[in-house]
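Okay, so here's the structure we're looking at.
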Amino acid sequence: MPASKKPLTKKRVIFIISAVLTLFISMLYCYVAGDSLNESIAYRIYDTVHNPEEKVIHSHYSHMSYAQRKAVLEQIVIENKNLKGIFYIKDGKYVYSDRDTSINKTVVTDLANKVDEFKNNAVYFYINKKDIYGSPAFIYMFKFGSGYYQMIFYKEAISIPESLFSVKIVSDIDHDILSGKQDIGVKLAHSTLHGVGISVITGITLKHFAYVYLVAFVIVTALMLLLFAFIERVVSRQNNFNIDIRAGLKNNEFIPYYQGIYSVEKEKFVGAELLCRWNYKGEKILTPASFINILEDSGKINAVTLGLLNQLARDKALFDAINPDMYFSVNITINMLLDNAFVASVIQFIDTNPQLDGCLTFELTERDKRFDYISEVKQAMCLLHSHGIRWALDDFGTGYSNLLTMHKLPIDIIKVDRMFISSKNDIISCDILTKIVDLLDTWKLPIIMEGVETEAELSKVKHLSIDLVQGFYFSKPMAVKEFTHYLRS
Ligand code: C2E
Ligand code: CA
Ligand code: CA
């Protein structure tokens, strides 16, 4: 291997991604923040100048004596805290003002020069280190009639706020009026205020951009490190879980728990549902909520289900000693049915375990979205049916299949979801349950009521003449020893 090429380590990758990401983020930040600063300055200047300007124009049109005009201008100056004074200049002389001083005097040389520059422009802006009052100001002039108005504002009225960004205020004829401390490196935003004849330009110096970049880089890199650590943890947890599942399968950690199915008429248990439990590393018993989805998504459920069936084949002798007619129900997903290899393994299992002949029911949950593959599903169901498997539709009333779809399938029994009996849903469920029972009666389909927990729920079931019941009221899911012991007692 050539010595010069270093491999890309994880940290290097993170730094490169952060560096590129930071560039985008800091550019975006500068554009958005710069633009908003620009807007706010432009708006402030416009506001400062435009209001008094309108009043001045308005006053000019009214026919007034000199004294009245002066009073009006004086009033405008008093009302506007940014305004120092107003002058109307014509033929090189002050004609009106908000005060008497300087009236009829010749304009100062400096101003005369400005007027020269002003020439044909409608408006003119400039900054004066020393105005007529001897202090710094910014001055706004606009042509009016045969003369022009000069409005003197306090410099602070358009002063630029302290910020990362540099701002320039430029007159229409390209003179700097005010500029920030530094020159503009990267120009970000430009607003032209035609009404008042200036432009506001906002930008950022390269030095300041580097500063923004550096701060963003530290934050982005820290976040990226956290994100990578999180992803790594999730991936490794997922990997560990997959390793655990493989070990669990090898060590037969997936075991059946049995929950009895009780016949109200016969007053005894006639069957049991196999519910998967994970005897995790022999340390604790996990319920399906924490692992069944992963088993189903990864396809490992096929092997687990075959394992459960094999354990049932071994346990069957224990049940035969109590009630040889008991049937057993196993949960199957549509994905499993669509897998020909799985169906073949089940058939092989049935052939090699005659002790289970006629006592196996498979439950297909109505929640499964893949009922779309109805003809393939039906084919597999019929095949298994011909090998003696009965079919139950699980969680009836909760799923995606419509009644028509269901009717096409070789369903032998319906398990009505527990939400229809639960006392928690009392108002809605009772009436619906009556209708479900009526409907299934006309189809001559037997019902198992799931999730009966209380005496009150049981009496509802009895009232509706439902025979088969599964729920905590009669038995919780139990390991085989516990369950057979319970059946005997
Ligand atoms: P499910 O097929 O509807 O099984 C019934 C679930 O309801 C079981 O939960 C059972 O313990 C619970 N249950 C029974 N009676 C009552 C009751 O009176 N009240 C309440 N609140 N709950 C009751 P479990 O064992 O946690 O299983 C949950 C789900 O996991 C099952 O729902 C089934 O969809 C799935 N599952 C379990 N074992 C397997 C399996 O071997 N293969 C597949 N594919 N899924 C399985
Ligand atoms: Ca079930
Ligand atoms: Ca169910």
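Just so we're clear, the structure is a prediction, and the values are computed from it rather than from any experiment. Order of listing sets the numbers, starting from 1, for every ligand and every atom in it.
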- Message: Tell me which one of D417, I436, T365, I411 satisfies side-chain contact (heavy atoms from CB on, under 4.5 Å) with F396.
- Response: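 Among the candidates, only I436 passes.
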Heavy atom of [X], distance to ligand 1 below 4.0 Å:
X    : answer
R277 : yes
T365 : no
Q470 : no
E450 : yes
A289 : no
E273 : yes

Minimum heavy-atom distance [X]-[Y], with the two atoms named:
X    : Y    : result
E273 : I261 : N-CD1, 4.1 Å
Q470 : Q259 : NE2-OE1, 2.8 Å
C30  : F209 : SG-CD1, 3.8 Å
A380 : L337 : CB-O, 3.5 Å

Number the atoms of ligand 1 from 1 as they appear, then name those within less than 4.0 Å of a heavy atom of [X], with their elements.
X    : result
L308 : 41 (O)
E453 : 17 (C), 18 (O), 19 (N), 20 (C), 21 (N)
D395 : 3 (O)
R418 : 20 (C), 21 (N), 22 (N)
E296 : 43 (C), 44 (N), 45 (N)
T333 : 44 (N)

Within the distance-only criterion (no hydrogens, no angle test), does the side chain of [X] pair as donor or acceptor with the backbone N or O of [Y] below 3.5 angstrom?
X    : Y    : answer
N82  : A157 : no
E253 : D244 : no
D47  : Y43  : no
H208 : L164 : yes

Exercise check, heavy-atom protein proximity under 4.0 Å to [atom]:
atom                    : value
atom 46 (C) of ligand 1 : yes
atom 9 (O) of ligand 1  : no
atom 32 (O) of ligand 1 : no

Any nitrogen or oxygen of [X], side chain or backbone, less than 3.5 Å from one on ligand 1?
X    : value
P477 : no
I301 : no
Q259 : yes

- CD1 on I245 to CZ on F254, rounded to 0.5 Å: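 That separation rounds to 5.5 Å.
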- Name of the E273 N, O or S atom nearest the Ca ion (ligand 2)?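 Considering only N, O and S atoms, E273 comes nearest to the Ca ion (ligand 2) through OE2.
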- Select one of side chain, backbone, both or neither to describe which atoms of L295 lie under 4.0 Å from any atom of ligand 1, heavy atoms only.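 Near ligand 1, L295 shows nothing, with every heavy atom at 4.0 Å or more.
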- Query: Counting only heavy atoms, which portion of N331 has something under 4.0 Å from ligand 1: side chain, backbone, both, or neither?
  - Reply: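 For N331, the contact with ligand 1 is made by both the backbone and the side chain.
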- Task: Could you tell me whether the side chains of N302 and D339 share a donor-acceptor contact shorter than 3.5 Å?
- Result: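 Yes, side-chain donor-acceptor contact under 3.5 Å.
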- Using distance alone, with no hydrogens and no angle criterion, decide if Y473 and E457 have a side-chain donor and acceptor under 3.5 Å apart.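 Not at all, the side chains of Y473 and E457 share no donor-acceptor pair under 3.5 Å.
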At what distance is the nearest protein heavy atom to [atom], and which residue and atom is it?
atom                    : answer
atom 1 (P) of ligand 1  : D394 OD2, 3.9 Å
atom 30 (O) of ligand 1 : P288 CB, 3.4 Å
atom 22 (N) of ligand 1 : F472 CZ, 3.4 Å
atom 6 (C) of ligand 1  : L275 CD2, 4.7 Å
atom 38 (N) of ligand 1 : C276 N, 3.0 Å

- Query: Do any of the N, O or S atoms of S329 sit under 3.0 Å from the Ca ion (ligand 2)?
  - Reply: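 Checking the Ca ion (ligand 2) against S329, no N, O or S atom falls under 3.0 Å.
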- Do we get K476 above F472's six-membered ring, with its NZ or CZ under 6.0 Å from the centre and within 45° of the axis?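 Ring-cation test returns yes.
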- Can you name the N, O or S atom of E450 that is closest to the Ca ion (ligand 3)?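 For E450, the N/O/S atom sitting closest to the Ca ion (ligand 3) is OE2.
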- Task: Write the atom name of the N, O or S atom in D395 that is nearest the Ca ion (ligand 3).
- Result: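 That would be atom OD1.
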- Once the angle between the rings of F269 and Y262 is folded into 0 to 90°, is it parallel (under 30°), tilted (30 to 60°) or perpendicular (over 60°)?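 Plane angle over 60°, so perpendicular.
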- W278 and F241 aromatic ring geometry - parallel, tilted or perpendicular at 30°/60° bounds: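 Plane angle over 60°, so perpendicular.
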- Give a rough value, rounded to 10 degrees, for the angle at the Ca ion (ligand 2) between atoms OD2 of D394 and OE1 of E363.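 Roughly 90°, rounded to 10°.
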- Item | Y29, OH: over 12 other non-hydrogen atoms inside 6.0 angstrom |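 Atom OH in Y29 is not packed in, count stays at 12 or less.
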- Task: Verify whether the ring centers belonging to F291 and Y280 lie closer than 6.0 Å.
- Result: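 Distance test on ring centres: not under 6.0 Å, no.
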